[in-house]
2 protein chains.
Amino acid sequence: MYEKKIPLPLECGLAMTREILGGKWKPNLLLAISVGINRPSQLHREIPTSTKRVLNLQLKELEEFEMIEKKIYHQLPPKVEYSLTERGETLMPILRQMNEWGDKNRPFIKSIILNRTKALD
Amino acid sequence: MYEKKIPLPLECGLAMTREILGGKWKPNLLLAISVGINRPSQLHREIPTSTKRVLNLQLKELEEFEMIEKKIYHQLPPKVEYSLTERGETLMPILRQMNEWGDKNRPFIKSIILNRTKALD
DNA sequence: CATATAGGGGACAAAATTATCCCCGGAGGA
DNA sequence: TCCTCCGGGGATAATTTTGTCCCCTATATG
């Protein structure tokens, strides 16, 4: 893994949460797993704008922090299933709120983003 | 501002929220402002591990998305006060939850991070 | 043989974000 | 005069995160 050179402020609650949810696709992964989309290939289909590679990296970090568990079925073809741990479940209220907030405010945020690029003409 | 080369998925609620809260210090800034720490120099003292420079950048983005408002008092020495907009207020439940979650889970997360560096000996 | 599915990852490039350094105006105090 | 405080920002470097490309095992199917 990449070893940080700038230390994380371990005494800040927000920084702790950022360390867990900070990855670009981690919130999406957690939400997807929570609704039963829990196999690597399913997750990739669910988030096609990302790459297998990156999803695997982020899943590994979520696993390292014990937010999700990985069950490996030693079969051929291989089968893997992720599930939320109890600790991971405690993140769901936050994630659902973030998702809802984003949906509610989408039109507004969208308009600002779009005007930003228009201004470049 | 930096112009993104990889387009933002405008249809995903989580991505919208990430766009607002994604900056390293934005959640801290919003929480601080919400409790009355609302002048630039105060904010910098509150978050001394950051730089004025970066805080200004992130404040500007929060302002661009109308999460905060900036009042400039044309005095000498100059005086500036930030405040949450109504829209910005709607973020507070999320931020408070993130902060609480991080505080509750700090010991656990901390131990994982620290063991990570020990493993390099 | 070629392709598909299922899973995984190394090496490296590119993008995005933060940090560092130094400068500005103007007032006030030692 | 020199330093402090208040606010702000350009130029550039460093850090961190994501993405791209290619290769791997093994089975099944056209």
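Lettering follows sequence order; numbering is per chain, from 1.
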With heavy-atom distances below 4.5 Å as the criterion, would you say the side chains of [X] and [Y] are in contact?
X        : Y        : value
Asn38(A) : Ser83(A) : no
Lys70(A) : Lys60(A) : no
Leu31(A) : Leu29(A) : no
Gln58(B) : Val54(B) : yes

Quickly work out the [X] [atom1] to [N] [atom2] distance and round it to whole Å.
X        : N      : atom1 : atom2 : result
Glu63(B) : dG9(D) : CD    : C1'   : 15 Å
Leu43(B) : dG8(D) : CG    : C1'   : 15 Å
Gln75(B) : dC5(D) : CD    : P     : 19 Å
Leu59(B) : dG9(D) : CG    : C1'   : 14 Å

Exercise. Under the side-chain hydrogen bond (donor to acceptor under 3.5 Å, both in side chains) criterion, do Glu81(A) and Tyr73(A) qualify, and how do the steps go?
Worked result: CA-CA 8 Å; Glu81(A) 279 181 356; Tyr73(A) 297 80; 3.3 Å; yes

By salt bridge (charged side-chain N to carboxylate O under 4.0 Å, His left out) - contacts of [X] (at least two apart):
X         : result
Glu89(B)  : none
Lys110(A) : Glu11(B)
Lys4(A)   : Glu19(A)

For this session: Let me have a per-nucleotide readout for nucleotides 14-27 of chain D, 5' to 3', with B, S or -, counting only protein heavy atoms under 4.0 Å.
Result: -SBBSBB-----SS

Mind checking what makes side chain to side chain donor-acceptor pair (under 3.5 Å) contact with [X], not counting sequence neighbours?
X         : answer
Asp103(A) : Arg106(A)
Lys79(B)  : none
Glu64(A)  : Arg116(B)
Glu61(A)  : Lys26(A)

Exercise. Think Arg39(B) has a side-chain N or O under 4.0 angstrom from the OP1 or OP2 of dC5(D)?
Worked result: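 No, because none of the side-chain N or O atoms of Arg39(B) sits under 4.0 Å from OP1 or OP2 of dC5(D).
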
Exercise. Salt bridge (Lys or Arg N to Asp or Glu O under 4.0 Å): which pairs involve residues 28-52 of chain B, sequence neighbours left out?
Worked result: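 Counting only pairs at least two positions apart or across chains, no salt bridge (Lys or Arg N to Asp or Glu O under 4.0 Å) contact touches residues 28-52 of chain B.
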
Exercise. Under 4.0 angstrom, heavy atoms only, what part of the nucleic acid is Lys60(A) near: base, sugar-phosphate, or nothing?
Worked result: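 Sugar-phosphate, no base atom in range.
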
Problem set entry | Global bending angle along the helix from dC1(C)-dG30(D) to dA30(C)-dT1(D), which compares the axes of five pairs at either end, to 10 degrees |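 Rounded to the nearest 10 degrees, the bend comes out at 30°.
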
Exercise. Which parts of residues 64-72 of chain B get close to DNA chain C, meaning a heavy atom less than 4.0 angstrom away?
Worked result: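 Heavy-atom contacts with DNA chain C come from no residue of residues 64-72 of chain B; none.
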
For this session: Under 4.0 Å from any heavy atom of chain A: name the first and the last nucleotide of DNA chain C that qualifies, 5' to 3'.
Result: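 Boundary nucleotides touching chain A, in 5' to 3' order, are dA6(C) to dA19(C).
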
